[in-house]
Amino acid sequence: LRDGGNLVPGTWYRITDYACTTTQQDTQSANHAFDIIVHADDASHLNENAYAAHHDGDTYFADCMLEAWQLKYCLDNDTDRFAWADTTNGTGVVYWMKDEWKNESPYDFKSIQFSRTLTDGAYDAQGTAAYVYTFNAYSGGTNSDATVLAATNNRIKCSNNKIDERRDNSSSNPQKALLNDNVFLNVYSQNVGFTCLSNTICFGSYSNTFGSNVSSVNIGSGVRSVNIGSDVGGVNIGSYSSSINIGSSVGGVNIGSGSENLNIGSGVVDVNIGSDVRSVNIGSSSKNLNIGSGVYNVNIGSNSQNITLLSGVKNCEIREAQGVTVQNCLILSGDYLNKGDIQPIEFVPGLNVTQVATLDGDNNVVIYVPGEKQ
C-alpha cells in the first residue's frame, strides 16, 4: 500500500507480522512477538512514531502493558540507517522503544541480546559465553528480561533507565545507527532482589557492563568498555573515557572526559577525577579523593582518606599503611619518576594534620606539614 501510494491518509494500520531481527556481530534476537500500530500521514508515507499492541496468541507479554509502550519504527529494512537491519528476513526496524516502566533504548530491547561471558550470571572475562538482555535478570541458570519479569515480580525494580543512540564513526556513513552493546547484569533469587533505577547512558557509549543493583549512574558520550560492580550509585563518567573498572559498593565517583585505564577498588566513595587522567589505581575503602587533570601512572592504597593530587602529578604511589589510615594529604604537581620506577610517597599514617608532598631542587621527594618549621 505504501509503495503504491494507496494508504488512506489519517488511517491507523496494524502490522501483525513484525519480528525483531539483527545481523550485527555478537548480537541475536529472542524474537518476542508484538504488533505495531502505525499512522498514515498521506498516501505514500507512514509516520515512524508508532505504538505496540499484543500479538494474537502471544503469552510472553501477557502481563505487560503494551498499550503504554512508545516506538519509532521504520517499515524498511534500511541498512544505510541501521547496522542491524536484515534485508533478507527483516519486517522493518524498531529503532527506539520506551516501555511502561519508562525504560528507553534505541532498539527493540525486549528482543535484542548481546554476547557476554558469565559465571553464575555475573560478568567474567573467562566465563561461559551467553546472550543477555539489556536489562538482564539471571536466576537458576536462566537469563531473562527484567522489564518483562517486573510485570509479575514485585522484587524486580527496573525503571527510568535511558540509553541514547550510538552512531557509526566511519566517514563513509557517520549517521548509521549501531546497536550499542550496553547491558545491566543482575543476579536475583528468593533472597536477593533486582534494582536498576534511573541510569542514563549518553550518546555514543557502548560495550559497557553493569553489575546488580546499579542506580543513578550517568555515563557520558564516547565511553566504552566500562565494567561497574554491584550496588553502585551516584557515578558520573565524562566523555571519551575508556577501560574503566569500578568495584562493588562504590558511590559518588565523578570521572572527567578523556580519562582511561582507571581501576577503582571496592567500597571507594566520593572520588572526583579530572580530564585526561591515565593509569590510576585506587585501592578499596578509600574516600574523599580529588585527582586533577593530566594525572598519570599513580597508585593510591586502600584506606586513604582526604587525598588531593594536583593536576599533572605523575609516577607516584601512596602506599598502604597496614590498616592505619593515610589521610589529609596533598601531592603538588610534578614528575615523580625515579630511575624509571614508581616513586613511593611515604606519608606518615594516622596523622590528623595536612601533609604536603613536593619535589626539591634536586628532584627528591619532600614531605612537610604547612606552618611547621622546615
Do [X] and [Y] come close enough that some side-chain heavy atom pair is under 4.5 Å?
| X | Y | result |
| --- | --- | --- |
| Trp96 | Gln70 | yes |
| Val298 | Ser279 | no |
| Trp101 | Asn161 | no |
| Asn303 | Gln305 | no |

Quiz item: Under 4.5 Å between side-chain heavy atoms, hopping through other hydrophobics if needed: is there a path connecting Leu75 to Val94?
Solution: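 Yes, one cluster joins them.
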Quiz prompt | Hydrophobic cluster membership, Val348 vs Val353, 4.5 Å side-chain cutoff | solution =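 Yes, it is one cluster - the side chains of Val348 and Val353 are joined through contacts under 4.5 Å.
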Side chains of [X] and [Y]: donor-acceptor distance under 3.5 Å anywhere?
| X | Y | value |
| --- | --- | --- |
| Tyr73 | Asp108 | no |
| Asn315 | Asp335 | yes |
| Asn77 | Asp86 | no |
| Thr27 | Thr22 | yes |
| Asp26 | Ser115 | no |
| Lys72 | Asn49 | yes |
| Asn328 | Gln355 | no |

Do you know which two heavy atoms are closest between [X] and [Y], and how far apart they sit?
| X | Y | result |
| --- | --- | --- |
| Arg2 | Ser44 | CD-O, 3.3 Å |
| Asp360 | Asp362 | OD1-N, 2.9 Å |
| Pro106 | Asp164 | CG-O, 3.6 Å |

[Y]/[X] salt bridge by N-O under 4.0 Å criterion:
| X | Y | value |
| --- | --- | --- |
| Arg14 | Asp35 | yes |
| Arg167 | Glu165 | yes |
| Lys110 | Asp99 | yes |
| Asp181 | Arg116 | yes |

Quiz item: Passes ring-ring contact (aromatic ring centres under 6.0 Å, His included), Phe135 versus Phe109? Steps please.
Solution: CA-CA 8 Å; Phe135 305 103; Phe109 63 84; 5.7 Å; yes
Quiz item: Looking at OG of Ser29 and OH of Tyr107, how far apart are the two atoms once the value is rounded to the nearest 0.5 Å?
Solution: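 Between Ser29 OG and Tyr107 OH, I get 12.5 Å after rounding to 0.5 Å.
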Quiz item: For the side chain to side chain contact (heavy atoms under 4.5 Å, CB included) test, which of Ile300, Asn263, Ile264 pairs with Asn281?
Solution: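 With Asn281 as partner, Ile300, Asn263, Ile264 yield a single side chain to side chain contact (heavy atoms under 4.5 Å, CB included), made by Asn263.
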Exercise. Could you tell me whether the side chain of Thr195 and the main chain of Lys157 form a donor-acceptor pair under 3.5 Å?
Key: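 Answer holds: no.
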Self-check item: Distance under 6.0 Å and angle within 45° of ring axis: Arg81 vs Tyr95
Solution: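 Cation-pi check for Arg81 and Tyr95: passes.
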